[in-house]
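The structure appears right after this line, and notes come after that.
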Amino acid sequence: MLPFVLERQSGKGDDYISMIWRDGEQIWGEQFDVDDVLTAATFVFAAGSETTAAGVANGLYLLLSQPELQERVRGGGERAVKHLVEETLRLVGPVEYRPRRAKRDVTVGHVQIRKGEQVFALTACANRDPAHYERPNEVDIDRRSPRDHFAFFVGPRTCPGQNFARLQMEVVLSAALERLRNLRLDPSGPPPQFAGMLLRRWEPLHALFTGTARAT
Ligand code: HEM
């Protein structure tokens, strides 16, 4: 990462690292240096890379494990791909929980939380709440409010890269659907498992498919 940070020190580019160099003084004061920029750039890279890779893998898993879904999404065009991305995030989102510390006494549902207590909000659980979602465990690409989930959490610290993540997932999943037919899990490979705690992803994904003319 350091060479990329040093290369952009003039702050003249329109990329994220150049922007941090440009705004550094405003963020940290005039004493800011290369370590501040390096830390900020590394943090965003770490927050945005493995998470998105896991999101893509989890979307591919839904397509591989439910082959009938492939035709439904192909038939629904761009809108259906967007909804598939949201259903992936809702059902098998890469981030399962977020910690928070209560700033005041509060009651959530039937649970009393006191000021100062730490809470682990299980987003994966809320995303399958049967009181909120019809057929919560199914992929439904026709849900009326597809973005109504907690995959990126909520509030002032919600994920700032969420639209970029959505776009990347859409691009990869559309390309897979367009170029690869008859996608399915390879029964001779080890079966995938939903692994990980901080970051959850279906792996390994051994797949079989038929390439279209464009793929070859
Ligand atoms: C599918 C992909 C992604 C998922 C599931 C995801 C999920 C999350 C979640 C749950 C949080 C915590 C929010 C909170 O506690 O309120 C978060 C924070 C963050 N995300 Fe993402 N994210 C993804 C992709 C990205 C991308 C592509 C970027 C940037 C390019 C990014 C940058 C960040 C940053 C910088 C934070 C920290 C925000 C803060 O603490 O103020 N994320 N993300």
Side-chain angles (χ1 to χ4, degrees), residues 1 4-5 8 13-24 26-28 32 35-64 73 81-104 106 108 113 117-129 133 139 141 143 145-177 192 194-203 205:
M1 182 65 77
F4 295 100
V5 167
R8 289 158 176 79
D14 60 0
D15 58 280
Y16 178 69
I17 296 174
S18 301
M19 279 166 60
I20 315 179
W21 274 116
R22 265 201 310 277
D23 297 343
Q26 210 180 319
I27 305 168
W28 295 289
F32 87 96
D35 285 343
D36 295 314
V37 181
L38 184 64
T39 306
T42 308
F43 177 64
V44 169
F45 181 74
S49 49
E50 281 300 303
T51 41
T52 310
V56 167
N58 294 348
L60 286 172
Y61 172 79
L62 291 183
L63 291 171
L64 287 164
V73 180
V81 176
K82 286 184 190 295
H83 282 228
L84 172 65
V85 165
E86 299 306 330
E87 281 294 85
T88 300
L89 291 164
R90 183 182 69 82
L91 281 166
V92 281
V95 180
E96 183 173 40
Y97 65 89
R98 292 300 298 152
R100 286 290 191 270
R101 193 171 294 282
K103 289 175 81 176
R104 55 180 169 82
V106 65
V108 180
I113 301 161
E117 281 182 343
Q118 193 164 21
V119 175
F120 286 84
L122 299 181
T123 49
C125 184
N127 283 347
R128 290 174 183 245
D129 181 357
Y133 302 101
V139 179
I141 55 169
R143 287 193 193 278
S145 308
R147 290 192 175 193
D148 177 21
H149 58 68
F150 291 92
F152 299 107
F153 215 59
V154 283
R157 297 298 292 266
T158 188
C159 175
Q162 57 186 275
N163 287 330
F164 184 37
R166 287 181 160 111
L167 180 64
Q168 292 179 79
M169 289 175 68
E170 274 166 45
V171 169
V172 180
L173 295 176
S174 321
L177 284 163
F194 204 22
M197 190 166 161
L198 274 179
L199 201 65
R200 299 186 313 161
R201 115 175 49 203
W202 281 96
E203 60 183 356
L205 290 181

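Start at 1 and go down the list; that is how both ligands and their atoms are numbered. The structure displayed is predicted, hence computed values, not measured ones.
One finds the OG1 atom of Thr42 at 4.5 Å from the CE atom of Met1 (value rounded to the nearest 0.5 Å). Within the model, atoms CZ of Phe32 and CH2 of Trp21 stand 5.5 Å from one another, a figure rounded to the nearest 0.5 Å. A distance of 7.5 Å separates CH2 in Trp28 from OG1 in Thr39, rounded to the nearest 0.5 Å. Atom-to-atom distance recorded for Met169:CE and Phe164:CZ is 13.0 Å, nearest 0.5 angstrom.
Close to ligand 1: Phe43, with a non-hydrogen atom less than 4.0 angstrom away. Residue contacts with ligand 1 do not include Gly93, since none of its heavy atoms lies under 4.0 Å from the ligand.
Nearest to atom 15 (O) of ligand 1 among the protein's heavy atoms is Arg98 NE, 2.7 Å. Ranking the protein heavy atoms by distance from atom 26 (C) of ligand 1 puts Gly48 CA, 3.3 Å first. When only non-hydrogen protein atoms are considered, atom 32 (C) of ligand 1 lies nearest to Ala47 CB, 3.7 Å. Of the protein's heavy atoms, Ala151 O, 3.5 Å lies nearest to atom 10 (C) of ligand 1. In terms of protein heavy-atom proximity, atom 4 (C) of ligand 1 is closest to Phe152 CE2, 3.4 Å. Of the protein's non-hydrogen atoms, the one nearest atom 18 (C) of ligand 1 is Cys159 CA, 3.9 Å. Of all protein heavy atoms, the one closest to atom 34 (C) of ligand 1 is Pro160 CD, 3.5 Å.
Here Pro94 has side-chain heavy atoms under 4.0 Å from ligand 1, and that is the only part of it that gets that close. Contacts with ligand 1 closer than 4.0 Å are made by backbone heavy atoms (N, CA, C, O) of Thr158 only, the side chain lying farther away.
Summarising the local packing, CD of Gln26 is surrounded by 12 or fewer heavy atoms from other residues, nucleotides or ligands at distances under 6.0 Å. Around the OH atom of Tyr133, the shell of radius 6.0 Å holds more than 12 heavy atoms that belong to other residues, nucleotides or ligands.
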Side chain to side chain contact (heavy atoms under 4.5 Å, CB included) between Gln168 and Val171: does it pass, once the steps are laid out? CA-CA 5 Å; Gln168 292 179 79; Val171 169; 5.8 Å; no
Do Arg166 and Phe152 pass the side chain to side chain contact (heavy atoms under 4.5 Å, CB included) test, and can you show the C-alpha distance, the side-chain angles, and the key distance before you say yes or no? CA-CA 11 Å; Arg166 287 181 160 111; Phe152 299 107; 3.7 Å; yes
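Checked by distance only, ligand 1 and Gln162 stay at 3.5 Å or farther apart across all their nitrogen or oxygen atoms. Polar contact check, Arg100 against ligand 1: a nitrogen or oxygen pair lies under 3.5 Å apart. Where the criterion is an N or O separation shorter than 3.5 Å, residue side chain and backbone included, Arg157 meets it with respect to ligand 1.
Nearest to atom 23 (C) of ligand 1 by heavy-atom distance, out of Thr51, Val56, Thr123, is Thr51.
Between Trp202 and Phe194, the two ring planes are parallel [angle under 30°; tilted spans 30° to 60°].
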